[in-house]
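Side-chain atoms are counted along with the backbone in the values below, which use heavy atoms only and exclude waters and symmetry mates. Numbering of ligands and ligand atoms starts at 1, following listing order.
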Amino acid sequence: MSSALAPYAATPERSRGRRVHEDAPPGRSEFQRDRDRIIHSSAFRRLEYKTQVFVNHEGDLFRTRLTHSIEVAQIGRSIARRLALNEDLVEAISLAHDLGHTPFGHAGQDALNACMKEYGGFEHNLQSLRVVDVLEERYADFDGLNLCFETREGILKHCSLEDAAQLGEVGARFRNDQRPTLEAQIANLADEIAYNNHDVDDGLRSGLITLEQLASVRLFSGHLDEVRKAYPALAERRVIHETIRRMINTLVSDLIRQTEDNIRAQTLRDVDEVRKAPALVAFGPQMLELNRELKAFLRTHLYRHYRVMRMSAKAHRIVSELFQAFMSDRRLLPPQFLRAAETEHARSVADYIAGMTDRYAIREHRRLFAVEEN
Ligand code: MG
C-alpha cells in the first residue's frame with residue numbers, strides 16, 4: 001500500500017512513534033494497530049449511548065456518536081484514498097475524535113466546562129487525548145492506548161496556547177504555528193461534512209426542521225429541486241436521502257478538487273513540509289460559503305429549537321448537579337475515581353462525568369437525588 005501513497009502522506013515508517021516503545025506489530029501497520037486499540041477501548045463502546053443533538057433515548061433512528069464516528073471514518077477514508085494519503089491514519093483519528101465527549105452533546109460539554117472554570121476548564125478535544133493517553137486502563141505496560149504521535153496529534157484538533165504548553169510534543173504545533181498531517185486535516189473536515197448532513201437528516205426525521213425551511217439553504221435546495229424534477233413520484237423519505245447523498249458527494253468532490261489544487265500550488269516533498277505549509281485540506285471559496293449557510297441554518301433552526309433548548313437545559317442541570325454532589329463529598333465517587341480524586345479532585349470528577357453515557361448520567365443523577373431510589 002505504501003508505494004502508492006503520495007510522498008507527503010503520513011506513513012508508519014516515518015512515524016514519530018509511541019510514547020512507550022513497542023515492537024512493530026506483525027501483519028498490520030502501526031496506524032492499523034492504533035485503529036484496533038481505539039475500537040477495543042471502553043470509551044469507544046460508550047459512544048453508542050452518547051449523542052450530539054438528540055438525547056440517546058429519544059429515538060432509535062438518530063445518530064449516536066458511534067455511528068457518527070463511523071460516518072466520519074468512511075467519508076475521511078474516501079477522501080484519503082482519492083488523494084493518495086494514508087487511509088489507516090485517517091480512520092484511526094476519525095474513530096477516536098469524539099472519545100472525550102461528555103454525555104448530552106454540546107450542552108453537556110458547556111455545563112462541565114462551566115463547572116471546571118476554576119480548575120482549568122473542560123474541553124472535549126483535550127479530553128479525547130486524555131482518554132487515549134491516560135484514562136483507558138487496559139494494557140499491562142502503560143496507561144492509555146499508547147497511540148502513535150500522528151494519531152494523537154490528529155485527535156487534538158485545537159487547543160489553547162496555555163493548554164498546548166502543558167502537552168509537550170503533541171502541543172508543539174500550536175506554539176510553532178504548524179499544521180498537522182493532511183490525514184488529520186481530512187478527518188477534521190470529514191467530521192464537519194458528516195455532522196452537518198446527518199443533522200439535516202435527523203432534524204427532518206424528528207420534525208424539528210422542515211423541507212420548506214430548508215428551501216433557504218442553497219446547498220440543500222439545489223439538489224432537492226433536481227431530485228424532485230427527476231423523480232416526481234418519489235416518496236419523501238427517499239427524496240430526503242437522495243438529496244443528502246448528493247449534498248455529501250458535492251462537498252466531498254469539492255474538497256478533493258480544492259485540496260488537489262492547494263497541494264499542487266506547493267512543492268511538498270514530505271510530511272514535514274505539510275506541517276510548515278498553510279492548511280491545505282479545504283473547500284473551495286464557493287462551497288465554503290454554501291457550507292457556512294447550511295451551518296448557520298442548523299444553528300438557528302435546529303440547535304436553538306425550543307425542544308433542543310429544553311433538552312440542553314435539562315442536561316446542564318444534570319451535569320452541574322452531579323459535579324456539585326461529587327465535589328461536596330468525594331466519598332460519593334466510585335472507588336477508581338475516588339483514588340484519583342485524592343490528588344486531583346475536580347479533574348477526576350470531570351473524568352467520571354465525561355465518561356458517562358446519556359442514560360448513565362440520568363440514572364446516576366436519579367440515584368443521587370431522587371428520594372425513592374437508592
Ligand atoms: Mg465529531
Any N, O or S atom of His101 closer than 2.8 Å to the Mg ion (ligand 1):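 No N, O or S atom of His101 is closer than 2.8 Å to the Mg ion (ligand 1), so no.
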Identity of the N, O or S atom of Asp191 lying closest to the Mg ion (ligand 1):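 That would be atom OD1.
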Atom name, His97 (N, O or S, nearest to the Mg ion (ligand 1)):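 Going through the N, O and S atoms of His97 one by one, NE2 ends up nearest to the Mg ion (ligand 1).
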Side-chain donor-acceptor contact under 3.5 Å, Thr250 with His223: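 Result is yes, a qualifying pair exists.
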Residue pairs passing the side chain to side chain donor-acceptor pair (under 3.5 Å) test where at least one lies in residues 130-140, sequence neighbours excluded: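 Found Ser42-Glu136, Arg130-Asp351, Asp133-Arg152.
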Axial cation check for Phe220 ring with Arg245, 6.0 Å and 45° limits: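 No.
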Fellow cluster residues of Ile93, listed by chain then number, with links counted only when side-chain atoms sit under 4.5 Å apart: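 Phe31, Leu89, all in the cluster of Ile93.
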